[in-house]
Each structure stands twice: as C-alpha cells, then as structure tokens.
Amino acid sequence: MLVKNPVLKGFNPDPSLLRVGEDYYIATSTFEWFPGVCIHHSKDLVNWEIAAYALTDDTELDMTGIDMACGIWAPNLTYSEGLFYLAYTIVYTNRARYKDTFNFLVTAPSVQGPWSKPIPLSKSGFDPSIFHDDDGRKYLVNMTIDHRADTIRFSGIDVQEYDPKNKVLLGNPVRVSRGTAIGTSEGPNVMKHNGYYYLVLAEGGTEFNHCATVLRSKSIWGPYAENPHNPIIKSAGQENCQLARAGHAQVIQGKDGNWYMAHLCSRPIDKCSILGRETAIQNVEWTADGWFKLSKNNQSMPEITFEIPYDTEQKIDKSAFVDFFDGKIPLDYMTLRKSFTSNGISVKKGALLIKGGASVMSKYFQGLLARRQQSMYCDLSTAMNFEPRHLNHIAGLLVYYNCDNHYYLKMTKDDKGKLLCVSSLVNMQLEDSVSIYIEDSISIIYLKAEIRGKELQFYYSTDSVNYNKIGDILDMRNISDERIAGNGFTGSMLGVNCSDCQGDGIEAEFLYLDYKEYE
Ligand code: 6LW
C-alpha cells in the first residue's frame, strides 16, 4: 500500500530512524522545548505515536535562559546488545562563528527508560551519532565547527572511538571527511553494509537547498569516497516536488526486508514553513555498484508517498480533547526550557493549573504549555478560569513560534475591568487589537484559535456556544521558519499561558484543551 508523507507532521526535524526487531523508532529534535528528544514508535512505519521523551529531568537538561533554537539538536538513536543509545547535543550558544555544543550520550533498556545519567562526549561540533561496529567496537561520529572568520565553518566529520565499559572517548578524533562540495556538512550517521561503511550527511544547510549525500569507505577511519550520484535526496530544482527542504536522512532495513529512508522536509505556504520541519519516509534501493538511491525516481526527489508491502489502516487524525480528569498532561504537550513542575504547571481536580510565570517573551520561567501545530487546518480551544487583578496578570491562548514571534489572545485587567485583546508580536514588533471588556460576573471564558492555511482568527465566547471574532485575521506566515529572525528550527506551537508580571501571585485554570484537525 501507499503511505502518505509526512509521517510525523509538524515540528519534528532531524529524524533518526531505528528498527529493533518488530519495532520502529524515530527520534526528533526538541530545541528549547521540554522534555528533550521526542521518541516516536511504530509497528508498521505508517502509524506513529510519541512513545517517550528521553530527557525528562531538568537538572540534567537545564535550558534556563538559553536562546531560541538552541537546546537539543539532532538526536541519534541506535541499539546495541540490549541497550538503546541516544546521542544528542545541547546547544548553549549559537552566535556568529561560535557554537557551544555539548554532546552527550544516554542509554536505556527501553525507550521508556530508565535513561542513564548523561555521559559527556565531545564539544567540538554537533549532531553526534554512535556507530556500533560488528566487532563490538563503538564510535562517536560528529560534525565539527571552525570558529575562525574566514574558514569553512562546518569544517568536517570526526570519528573517535567510544569505550562503553568506561564510558569515555578513546584517543583523538580523526577527521574522516570534509563533506562534499555542497558543503554545510552535518547530521553524520554511519551504516555498515556488505563490508562498506556508508557515511550519510545532511548538506546544503537546512533551508531550501537542503539535501543528503553519502560517502563510503572500507574502514571506519576512511578514506571515504563520494557517491557519484550525490545527493541522494534533494527538493530544490525538482519539478512537482511536494516536500521542500528534504535532507538530514538516515537509512535502515525494514522488517519486511525493504530499505527505507527517514528525512526531514517541509510543506511551505508561499515559501513559509509554518509547521516547521517534518519527517517523511522514502523507499530506498541498492544499485548494482553498491550505492543506494530513492526507489521511485532517479532524480533524488522526495515523494509524497512511499510504499510498504502490506496493508494497514493509516490513522491520520491527531485531534485530541484533553480534559485532565486522569490527572495527566498528554505527551503531545510541552513546556519551555524546564519541566512542567519547574514552570509551575500542574493538574488539579480535572483542570490544568498554571501559576503565573514570567512574560511570554521570557527565556526563563514560563507558565506556558503548548503542542505542535500538525495540520494547516486546525483549531485549539480552551475554557479558562482566570481572575486578573491588574494589568500585570495575563493569561490566554497562544499561537507561538518563539519569544519574539507569537499571537496571543490574552485576558488582563485595567481600570475599566477585565478585558480580552489580541497581541501580535512579529519579530519584536508589538500590536494590540481593540480591547473587549468582559463582565466581572463571568468567570469562565472560552477561547479559540482557528487556523486555516495562512490565516489565523481568534474567537471568544462567554457561554461556549456563541463564539465572537476578536482581532483581525492574522498572518500565519509570520509564525514560520523563514519569517522569524534568526534560526527557524522549530515550528508553530499552540498552547496556553499565564504570566504574573506583578509578582503577587496569580494562577489560571484551563478546564480542557481541544485540538482539532480538519485535514
Ligand atoms: C541540525 C542539523 C540540521 O542539528 O539542522 O538540517 C540543525 N539539519 O543536522 C538543527 O536542526
């Protein structure tokens, strides 16, 4: 049957695809969102669910104050002798030529954990992966950064042996490749097949010229020869290509014996990736000369479908109504930089309770809970119980890219009473809509964000039946990788927030979160 891409919709970049027996896993980057590293599970390559996050302790993953698009980059998930190995980078700085990239490894018997304490690896670059050779030896592979002004910044791929017993790197790193002429070489992962070590790279930068390439060698230490047919996947310049920005790939053999590639991609509207970078799968086949290529075409073009040799239902509806009566926050919902608890978020008596945190522009303590926008046609609605006492008490519904870019249907209070208004913050430019005053006697207010392609309209209701428009139609293209200033690595997130900018204590209660997709 044909399976529709992307398989992981919305903000799910840098996929690391793994099969262990009957089970498939994909780990994706989470950046400044917490918990760190989203691990998806599937039995059939078609239906994927979030199985776990690997990094759930914010004393070990402390991202307080880190910049937007820093944090967790490009995890790599592998398996060896009963243990999952997850290598990842915490990017603390990404400024001009410098990046502070702390690479770690955690291991666990199951993706649900318990995950080990982070084992520090190198800091020389990012996108670490672990390669387990069939003689039992293990290697760290990562890209490296050159901080000098006039050199190639993404300077090449290093390999260094890793000793799993003593949990240390051995010897010195060896520069095994400088990548291909395409450049911006990153995301290295190694696969061994028929005596060759295949080094798969993400190249071209993660924007519209992104691609993946492959090199091979008879030794892990090189020399690596380039595939004459590189790149193995690329969107740019392809006619009728429905998946843009394809690159950052990993190839595995499925349990059906066929070969599959997971890669990142995006589905932009007017060149704006509102859903961020997503994960798609392609069929792969080996060529007579021992390289691999996409099966369906000779142009390395990512396809909107891939084929599996069995039938199964593709359940695509991610709509979810969460009423918190089971006392849990579903895995779809994330916080910023720290855990729910550290951010003052809890579930009490069938409602989500958010203690007022810092403002929505803060990089420190935010009372904000959000989920990925996974369809271009969707709503998020909530019922909010909030009694602001002055202007510094703010709570409401957010369509959020990062601290500097979001749309916020918020409630606060001024001299005339409780009010609702829509704030639009686009690259730090703030505009507020006209205020709508709400009678004091109304304690529960219903809020809705309706997203239809590039248009966002907020609504409010005082009775949950009659919804009124509030504010103008807003441009979702501003909430995209391309329009935000700086690195656009995440994607649109939909959620709720409460800020206490007075410091005298305020909280907001949300009775449900209702996410609905229409496509
Ligand atoms: C990631 C790198 C990349 O570390 O973008 O597209 C960086 N590839 O591999 C951030 O996602």
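The basis for the numbers below is simple: all heavy atoms, side chains too, and nothing from hydrogens, waters or symmetry mates. Each ligand, and each atom within it, is numbered from 1 in the order the structure gives. Along the sequence shown, residues carry numbers from 1.
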Would you call the rings of Phe306 and Tyr260 parallel, tilted or perpendicular if under 30° counts as parallel and over 60° as perpendicular?
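Geometry flag for Tyr260 against Phe306: perpendicular rings.
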Mind checking whether Tyr198 and Phe292 have parallel, tilted or perpendicular rings, split at 30° and 60°?
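Rings of Tyr198 and Phe292: tilted, 30 to 60°.
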[atom] - nearest protein heavy atom and its distance:
| atom | answer |
| --- | --- |
| atom 11 (O) of ligand 1 | Asp14 OD2, 2.6 Å |
| atom 6 (O) of ligand 1 | Thr206 OG1, 2.8 Å |
| atom 4 (O) of ligand 1 | Asp127 OD1, 2.6 Å |
| atom 5 (O) of ligand 1 | Arg277 NH1, 3.4 Å |

Give a yes/no verdict on a cation-pi contact between Lys218 and Tyr197, requiring under 6.0 Å between NZ or CZ and the six-membered ring centre and an angle within 45° of the axis.
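Cation-pi check for Lys218 and Tyr197: fails.
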Euclidean distance, Glu226 CD relative to Thr180 OG1, rounded to 0.5 Å:
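If we round to the nearest 0.5 Å, Thr180:OG1 and Glu226:CD are 5.0 Å apart.
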Would you say the ring centroid of Phe154 lies under 6.0 angstrom from that of Phe126?
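Yes, the ring of Phe154 comes within the 6.0 Å limit of the ring of Phe126, centre to centre.
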Assess the pair Tyr25 and Tyr79: is the distance between their ring centroids shorter than 6.0 Å?
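No: the rings miss the under 6.0 Å criterion.
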For ligand 1, which atoms have a heavy atom of Trp73 less than 4.0 angstrom away?
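So the atoms of ligand 1 that pass are 4 (O).
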Closer than 4.0 Å to some heavy atom of Phe126 - which atoms of ligand 1 meet that?
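Result: 4 (O).
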From the options His210, Glu186, Met143, select the one whose nearest heavy atom is closest to atom 3 (C) of ligand 1.
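Answer by nearest heavy atom: Glu186.
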Among Asn427, Asp481, Asn478, whose side-chain hydrogen bond (donor to acceptor under 3.5 Å, both in side chains) with Tyr401 holds?
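When Asn427, Asp481, Asn478 are each tested with Tyr401, the side-chain hydrogen bond (donor to acceptor under 3.5 Å, both in side chains) holds only for Asp481.
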Region of Phe31 engaging ligand 1 - heavy atom pairs below 4.0 Å
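The answer is the side chain of Phe31.
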Between Leu264 and ligand 1, which part of the residue brings a heavy atom under 4.0 Å of the ligand: side chain, backbone, both or neither?
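Answer for Leu264: side chain.
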